Amino acid sequence: MSEERSLNFIEEIVEEDIRNGKNGGRVHTRFPPEPNGYLHIGHAKSICLNFGLALKYNGKTNLRFDDTNPETEETEYVESIKEDVKWLGFNWDNELYASNYFDQLYEFATNLIKKGLAYVDDSSPDEIAAQKGTPTEPGTPSPYRERSIEENLSLFAEMREGKYPDGAKVLRAKIDLASPNMHMRDPIMYRIRHAKHHRTGNKWCIYPMYDFAHGQSDSIEGITHSICTLEFIPHRALYDWFIDQLEIFPSRQYEFARLNMTYTVMSKRKLLQLVNEGFVTGWDDPRMPTISGLRRRGFTPASIRDFCDRIGVAKRENIIDVSLLEFCVREDLNKTAWRRMAVLDPIKLVITNYEGEGELLHGENNPEVEGGEGSRDIPFSKELWIEREDFMENPPKKFFRLGPGLMVRLKHAYIVKCEDFVKDEQGNIIEVRCTYIPESKSGQDTSGINVKGTIHWVSVPHAATAEVRVYDRLFRSEDPAGEDRDFKELINPESLQIIPKVFMEPDLATAQPGRGYQFIRKGYFTLDKDSTTENLVFNRTVTLKDTWAKEVKKG
RNA sequence: UGCCCGAUAGUAUAAAGGUAGUACAACUGAUUUUGGUUCAGUUUGUCUAGGUUCGAAUCCUGGUCGGGCAACCA
């Protein structure tokens with residue numbers, strides 16, 4: 001039933017390559033995270049693209065950690081990345097590390113030295129920066145640029161042996177100091193870092209730079225389509241140059257525009273700041289755009305995959321409306337979440353003419369599915385909690401809820417009519433008094449009465465309680481990273497609202513972790529990892545679409 | 001002032017010289033025991049100026065605007 005979809009520009013390239021028999025029609029991609037932070041929704045776009053291509057064209061995808069900078073990388077990040085990729089629903093063909101190739105990379109570097117295409121430079125970082133010139137002026141040669149091959153070879157070996165301190169020397173490619181592409185002006189290939197690496201330990205004290213690791217790793221793995229983001233476009237010339245000079249498998253690099261989303265920051269650096277400076281509780285704070293944050297918030301893998309599918313892949317800078325993500329998760333949860341009732345901001349409703357102990361009513365788990373996926377019992381009694389906002393002393397014309405003399409249906413129960421209400425000394429409504437229509441019982445209504453509104457409720461004596469965490473967008477600005485101010489000043493102070501005691505139907509006391517629940521009329525919720533059997537904690541994933549709220553706003 | 005990308009409704013994304021379409025958002029209305037869902041519909045677009053062509057979002061030229069490029073980060 002899949003409707004014909006047009007190809008994105010990368011799929012077009014891949015199909016063109018297959019048609020031409022390039023690489024024997026083989027398609028091999030890779031997802032290459034640096035293990036220096038947690039994955040976010042922007043990475044999900046790249047993951048879906050890379051793994052999606054392999055799935056679509058019967059190819060393979062490697063998970064390769066780009067771990068060439070021991071100072072920022074940690075095993076914790078490796079583990080979280082693996083968990084997130086798996087959770088999104090993808091299986092990699094090989095788990096690999098750029099650090100696997102350190103020996104090979106060292107050989108490659110030596111080869112270039114032997115060809116007179118690389119040299120050891122003793123210049124300081126400042127001197128090298130100065131030697132690069134500016135975009136409009138050519139660079140100038142380092143005084144060490146013309147060292148002999150033999151000298152370079154032995155110096156480079158000494159660098160590896162640990163004879164020099166950090167920063168004393170680097171290995172540079174000898175390319176073109178006048179190139180209009182700054183990246184071709186004798187880029188650094190290796191630097192000295194006496195740092196322990198999370199995988200190779202203290203074996204190395206020289207580490208390759210991105211440009212001398214990424215393309216070579218692609219090539220070693222036989223990657224056919226190396227897909228990265230737009231900022232690497234100027235690196236492509238270098239990527240190709242190294243492959244040409246080394247005469248190794250010609251992987252090809254293609255660039256697409258990274259994902260940006262409204263009301264969100266997406267750089268790992270900024271997300272790290274939010275974590276380190278305590279603006280959020282961690283990488284998996286449900287307000288974070290990280291995969292782990294979204295998971296904890298209650299987003300489903302299917303909804304994120306669907307989102308990535310809908311946003312498309314192109315080369316133009318973009319900023320996706322976060323409401324699309326919300327739409328995707330609502331669409332998925334609407335079909336899968338079990339319906340339950342919970343009252344977040346309670347007032348009491350007393351049914352004055354209801355006699356007896358109460359009764360057990362029934363509600364199907366999921367009205368979107370044939371058969372409702374079974375049902376649960378809902379205890380009903382004379383005293384109920386209802387939502388404060390479902391009663392108004394002086395309701396406007398189109399208010400289909402409770403008010404003096406107004407009737408509503410209690411979901412899965414009876415129609416009630418408001419007869420009276422009670423206020424406290426401050427004038428707050430604390431109780432609504434109603435009569436019910438005994439013949440209006442849900443499913444066997446013979447009353448003939450039609451009411452416009454239905455509200456949710458929870459029986460007072462039977463109610464379970466839980467903490468509910470209500471989230472709003474983390475930033476007040478549509479483009480927090482794009483404004484002049486520090487993005488942290490734009491944090492929404494109301495991004496988290498904790499409701500310590502919410503009344504809910506007792507069935508929710510046995511809610512299952514990882515399952516989505518729709519609290520009828522209030523939104524989608526899921527159990528938080530802080531939840532215990534004694535103290536339930538729910539996160540609000542997303543609200544329901546609320547056309548009434550819009551109506552109210554308009555006045 | 002150099003080089004490199006890019007420009008289609010509010011936001012994204014199609015149309016490979018031949019009817020500018022789709023999704024989200026917004027707005028109407030119908031249905032509804034969730035003001036949810038579903039359904040029907042409406043509004044809104046090819047950066048600009050020339051050129052090629054029977055015909056241009058698409059090809060060519062100039063301009064405008066936006067973004068990127070000078071980490072021992074990736």
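Naming: A, B, ... by sequence-line order, numbering from 1 per chain. From a predicted model like this one, the values you see are computed outputs, not experimental measurements.
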**Student:** A:D546: what forms a salt bridge (charged side-chain N to carboxylate O under 4.0 Å, His left out) with it, not counting sequence neighbours?
**Tutor:**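 In terms of salt bridge (charged side-chain N to carboxylate O under 4.0 Å, His left out), with neighbours along the sequence ignored, A:D546 is linked to no residue.
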
**Student:** I'd like a list of close polar pairs between nucleotides 6-10 of chain B and the protein, N/O only, cut-off under 3.5 Å.
**Tutor:**
residue, atom, partner, partner atom, Å
B:U8, OP2, A:R316, NE, 3.4
B:U8, OP2, A:R316, NH1, 3.0

**Student:** Side chain of A:R339, base of B:U34: donor and acceptor closer than 3.5 Å?
**Tutor:**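 Present.
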
**Student:** Ignoring backbone atoms, establish whether A:R191 has a side-chain N or O less than 4.0 Å from OP1 or OP2 of B:A74.
**Tutor:**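 Answer is yes, contact under 4.0 Å.
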
**Student:** For a quick check, tell me whether the side chain of A:E231 and the base of B:G67 share a donor-acceptor pair closer than 3.5 Å.
**Tutor:**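 When only heavy-atom distances are counted, A:E231 does not reach the base of B:G67 through any donor-acceptor pair under 3.5 Å.
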
**Student:** For RNA chain B, what are the stems built from at least three Watson-Crick or G-U pairs in a row, each pair having both distances below 3.5 Å?
**Tutor:**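 The stems that RNA chain B takes part in, listed by first number, are B:2-7 with B:64-69, B:10-13 with B:21-24, B:26-30 with B:38-42, B:47-51 with B:59-63.
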
**Student:** Output the rounded distance in Å from NE2 (A:H412) to P (B:U34).
**Tutor:**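 It works out to 9 Å between those atoms.
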
**Student:** Donor-acceptor pair under 3.5 Å: do we get one between A:R521's side chain and the base of B:U34?
**Tutor:** no

**Student:** Could you tell me how far B:G18 sits from B:A26 if I compare only their C1' atoms? Round to whole Å.
**Tutor:** 33 Å

**Student:** Of all residues at least two apart in sequence or in a different chain, which pass the side-chain contact (heavy atoms from CB on, under 4.5 Å) check with A:S442?
**Tutor:** A:R409

**Student:** Can you check whether A:Y210 stacks with the B:A74 base, using ring centres under 5.5 Å and planes within 30°?
**Tutor:** no

**Student:** Just to confirm, is there a sub-4.0 Å distance from OP1 or OP2 of B:G2 to any side-chain nitrogen or oxygen of A:T134?
**Tutor:**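 No, because none of the side-chain N or O atoms of A:T134 sits under 4.0 Å from OP1 or OP2 of B:G2.
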
**Student:** Please list, chain by chain and in numerical order, all residues satisfying ring-ring contact (aromatic ring centres under 6.0 Å, His included) with A:F156, sequence neighbours excluded.
**Tutor:**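 A:Y106, A:Y190.
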
**Student:** Do A:W338 and A:E373 have side-chain N/O donor and acceptor atoms under 3.5 Å apart?
**Tutor:**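 Short answer, yes.
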
**Student:** Could you work out the separation of B:A20 and B:U33 based on their P atoms and round it to a whole Å?
**Tutor:**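 Here B:A20 and B:U33 have their P atoms 43 Å from each other.
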
**Student:** May I have the distance from A:L7 (atom CG) to B:U13 (atom P), rounded to whole angstrom?
**Tutor:**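 Checked: the CG to P distance equals 16 Å.
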
**Student:** Among all residues two or more places apart in sequence or in another chain, which pass the ring-ring contact (aromatic ring centres under 6.0 Å, His included) test with A:F108?
**Tutor:** none

**Student:** Do A:R339 and A:H412 pair up side chain to side chain, a donor and an acceptor below 3.5 Å, judged on atom types alone?
**Tutor:** no

**Student:** Given the P atoms of B:G36 and B:G68, what is the spacing between them in whole Å?
**Tutor:**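 Going atom to atom, P in each nucleotide, I get 42 Å.
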
**Student:** With rounding to whole Å, what would you report as the distance between B:A12 and B:A7 at their C1' atoms?
**Tutor:**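 Straight-line distance between the two C1' atoms is 14 Å.
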
**Student:** Using a strict threshold of under 4.0 Å (side-chain N to carboxylate O), is an ion pair present between A:D186 and A:R145?
**Tutor:**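 A salt bridge links A:R145 with A:D186.
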
**Student:** For B:G21 versus B:G45, give the span between their P atoms, rounded off to a whole number of Å.
**Tutor:**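 B:G21 and B:G45 have their P atoms separated by 12 Å.
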
**Student:** Mind calculating the distance between CD1 (A:I319) and C1' (B:A25) to the nearest angstrom?
**Tutor:** 15 Å

**Student:** Please evaluate the base of B:U33 for a donor-acceptor partner in the side chain of A:S442 within a cut-off of under 3.5 Å?
**Tutor:**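 Looking at the base of B:U33, it does pair with a donor or acceptor on the side chain of A:S442 (distance under 3.5 Å).
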
**Student:** Would you say A:R185 places a side-chain N or O within less than 4.0 Å of OP1 or OP2 belonging to B:A70?
**Tutor:**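 A:R185 to B:A70 OP1/OP2: no side-chain N or O under 4.0 Å.
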
**Student:** Would you say A:K545 reaches B:G35's phosphate, i.e. side-chain N/O to OP1/OP2 under 4.0 Å?
**Tutor:** no

**Student:** Between A:R310 and A:E331, is there a side-chain N and carboxylate O pair less than 4.0 Å apart?
**Tutor:** yes

**Student:** Centres of the A:F232 and A:Y210 rings: under 6.0 Å?
**Tutor:** yes

**Student:** Taking the minimum atom-to-atom distance to the side chain of A:A129, which one of B:A71, B:A25, B:A26 wins?
**Tutor:** B:A71

